[in-house]
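Numbers restart at 1 for each chain; the letters A, B, ... are given by sequence-line order, proteins then strands. Below, all heavy atoms of this structure are taken into account, side chains as well, without hydrogens, waters or symmetry copies.
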Number of protein chains: 2
Amino acid sequence: MKGSGKNRLKKRVSEPTLKRLPGYLYYLEKAKEKGIISISAPTIGKDLNCDATQVVKDLAVTGVKGKPKVGYNTYELIHGLEDFLGFNRTNEAFLVGAGNLGSALMAYQEHQVLGLKIIAAFDVDEKKVGTHIGGIHVLEYKKLFSLSKRLNVKIGVLTTPNDVAQKVAEEFVNCGIKAIWNFTLVNLKLPGEIIVQNTSMSSDSAVLIRRLNDSEVTIKN
Amino acid sequence: MKGSGKNRLKKRVSEPTLKRLPGYLYYLEKAKEKGIISISAPTIGKDLNCDATQVVKDLAVTGVKGKPKVGYNTYELIHGLEDFLGFNRTNEAFLVGAGNLGSALMAYQEHQVLGLKIIAAFDVDEKKVGTHIGGIHVLEYKKLFSLSKRLNVKIGVLTTPNDVAQKVAEEFVNCGIKAIWNFTLVNLKLPGEIIVQNTSMSSDSAVLIRRLNDSEVTIKN
């Protein structure tokens with residue numbers, strides 16, 4: 001199975017599919033806990049409120065095949081998803097900006113599968129430096145460079161205020177970081193090979209509120 | 001200007017545009033602080049790392065027009081964006097699940113423009129009930145129903161563990177909530193008129209890690 005996983009690495013999977021995969025993984029872990037050893041695509045679809053055809057298509061990225069009338073082997077599928085997502089590797093990350101959101105992410109990863117492990121956090125605020133959050137040290141920001149050179153960390157989590165985001169992102173790149181999880185509102189300008197994933201609370205909130213206002217107008221009309 | 005804003009309420013704006021609007025708002029607030037009273041689309045585009053044509057198209061949703069060779073009036077544009085996004089209204093919300101992520105959102109909104117105001121949080125954990133986070137009370141979950149009937153809150157923030165998410169979402173609907181901000185991995189099954197905005201940390205993390213692994217394979221080949 002490892003072989004089939006490797007072969008599939010070359011195929012670029014769509015973002016909507018990728019985003020659904022952790023949901024399958026969570027669901028299958030729960031099924032495993034209940035002692036369910038095989039599970040069909042229609043059952044998964046019914047429980048997750050989506051079409052069985054989509055389930056089959058999504059899960060095909062793992063290379064794991066279901067058997068007719070039996071379905072997928074739960075263990076094999078969990079392993080396949082973890083392998084595909086890279087969640088079975090240690091994806092070490094540095095975090096810069098140990099404010100409310102940064103602290104939440106540090107505490108969060110004790111309980112939830114994020115697929116990455118924040119190994120140190122950095123901040124310029126002297127009150128935060130030297131503290132521990134969720135078992136993770138908050139270090140002086142100026143130590144980022146030397147530490148990243150030593151530890152060869154590839155992922156940076158950016159939870160700074162907006163006005164320093166670009167500068168910190170550039171420093172991440174100088175430090176050898178290849179992928180940045182950007183929680184700020186800033187559209188980062190970085191070399192093309194750097195992977196950036198934006199998660200903006202304000203943007204999602206804007207969509208929610210605007211859709212609510214739209215629907216209220218529709219009802220009133 | 002209010003009139004033009006109202007007229008545009010009927011047009012459904014695309015999600016990518018909506019998601020970019022808080023970024024413009026943040027940028028313009030900063031420009032206002034610097035005393036910049038008019039600003040052109042090419043300047044905005046240059047600073048935000050996007051095309052001037054896109055800036056013009058995005059900002060058109062506000063109904064605010066720029067003047068040739070001068071650009072937009074900063075104040076007017078800020079007002080137009082706030083009006084369009086509904087950020088100048090009090091969008092009151094209830095939050096259920098005062099864990100790490102829920103607590104972070106409660107603390108976060110003191111500092112950042114989320115466009116919504118969490119007025120109370122609810123949890124079943126007795127240790128959390130009675131505490132304050134970011135000035136917001138954490139109340140017993142069973143009080144959700146009576147309080148929502150009294151306060152007519154339309155927005156629910158869902159930061160519970162995944163396994164109770166569907167149940168709590170249904171309770172939100174019973175309570176008259178019209179829009180749910182879902183931070184869980186669960187694909188909620190709700191009546192069609194309920195607006196759901198999903199923000200999944202695990203999904204975004206999955207995209208980031210997978211893209212990083214993809215790029216490493218490409219480099220090795």
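With a 4.5 Å cut-off on non-hydrogen atoms, A/Asp47 touches chain B through its backbone but not through its side chain. Residue A/Thr159: no heavy atom, backbone or side chain, is found under 4.5 Å from chain B. At a 4.5 Å heavy-atom cutoff, the contact between A/Asn49 and chain B is made by backbone and side-chain atoms alike. For a residue to count as touching a neighbouring chain, one of its non-hydrogen atoms must lie under 4.5 Å from one of that chain's; by this rule B/Asn198 touches chain A with the backbone only.
Between the B/Asn187 side chain and the A/Leu48 main chain, a donor and an acceptor come within less than 3.5 Å of each other. Side-chain atoms of A/Arg210 never come within 3.5 Å of backbone atoms of B/Gly86 as a donor-acceptor pair (strictly under, hydrogens ignored). Checked by atom type and distance alone, the side chain of B/Asp204 never pairs as donor or acceptor with a backbone atom of A/Thr199 at under 3.5 Å.
By the 6.0 Å contact criterion, CD on A/Glu193 is enclosed, its count of non-hydrogen atoms from other residues, nucleotides or ligands being greater than 12.
Atoms CD1 and CG, on A/Ile195 and B/Asp214 in that order, are 7.5 Å from each other to the nearest 0.5 Å. With rounding to the nearest 0.5 angstrom, the NZ atom of A/Lys19 is 8.0 Å from the OG atom of B/Ser200. Rounding to the nearest 0.5 Å places OG of B/Ser205 at 7.5 Å from CG of A/Asn91. Atom CD1 of residue A/Ile155 and atom CD1 of residue B/Ile209 lie 5.0 Å apart, to the nearest 0.5 angstrom. Annotation: the span from B/Asn213 atom CG to A/Leu85 atom CG amounts to 9.0 Å, rounded to 0.5 Å. Expressed to the nearest 0.5 Å, how far OH of B/Tyr26 lies from OG of A/Ser202 amounts to 10.5 Å.
Minimum heavy-atom separation, A/Ser203 to B/Pro22: CA-CG, 3.9 Å. A pairwise comparison of heavy atoms in A/Lys46 and B/Lys189 identifies O-NZ, 2.8 Å as the closest pair. Here the closest non-hydrogen pair linking B/Ile180 and A/Leu208 is O-CD1, 3.5 Å. The shortest non-hydrogen separation linking B/Glu15 to A/Arg211 is N-NH2, 3.8 Å. The shortest non-hydrogen separation linking B/Leu185 to A/Gly23 is CD2-N, 3.9 Å.
The candidate with the highest count of non-hydrogen atom pairs below 4.5 Å against chain A, out of B/Asp163, B/Thr17, B/Val157, is B/Asp163. In terms of heavy-atom pairs under 4.5 angstrom with chain B, the leader among A/Ala206, A/Gly102, A/Ser103 is A/Ala206. Most heavy-atom pairs under 4.5 Å with chain A: of the set B/Lys178, B/Lys154, B/Arg89, B/Arg20, this distinction falls to B/Arg89.
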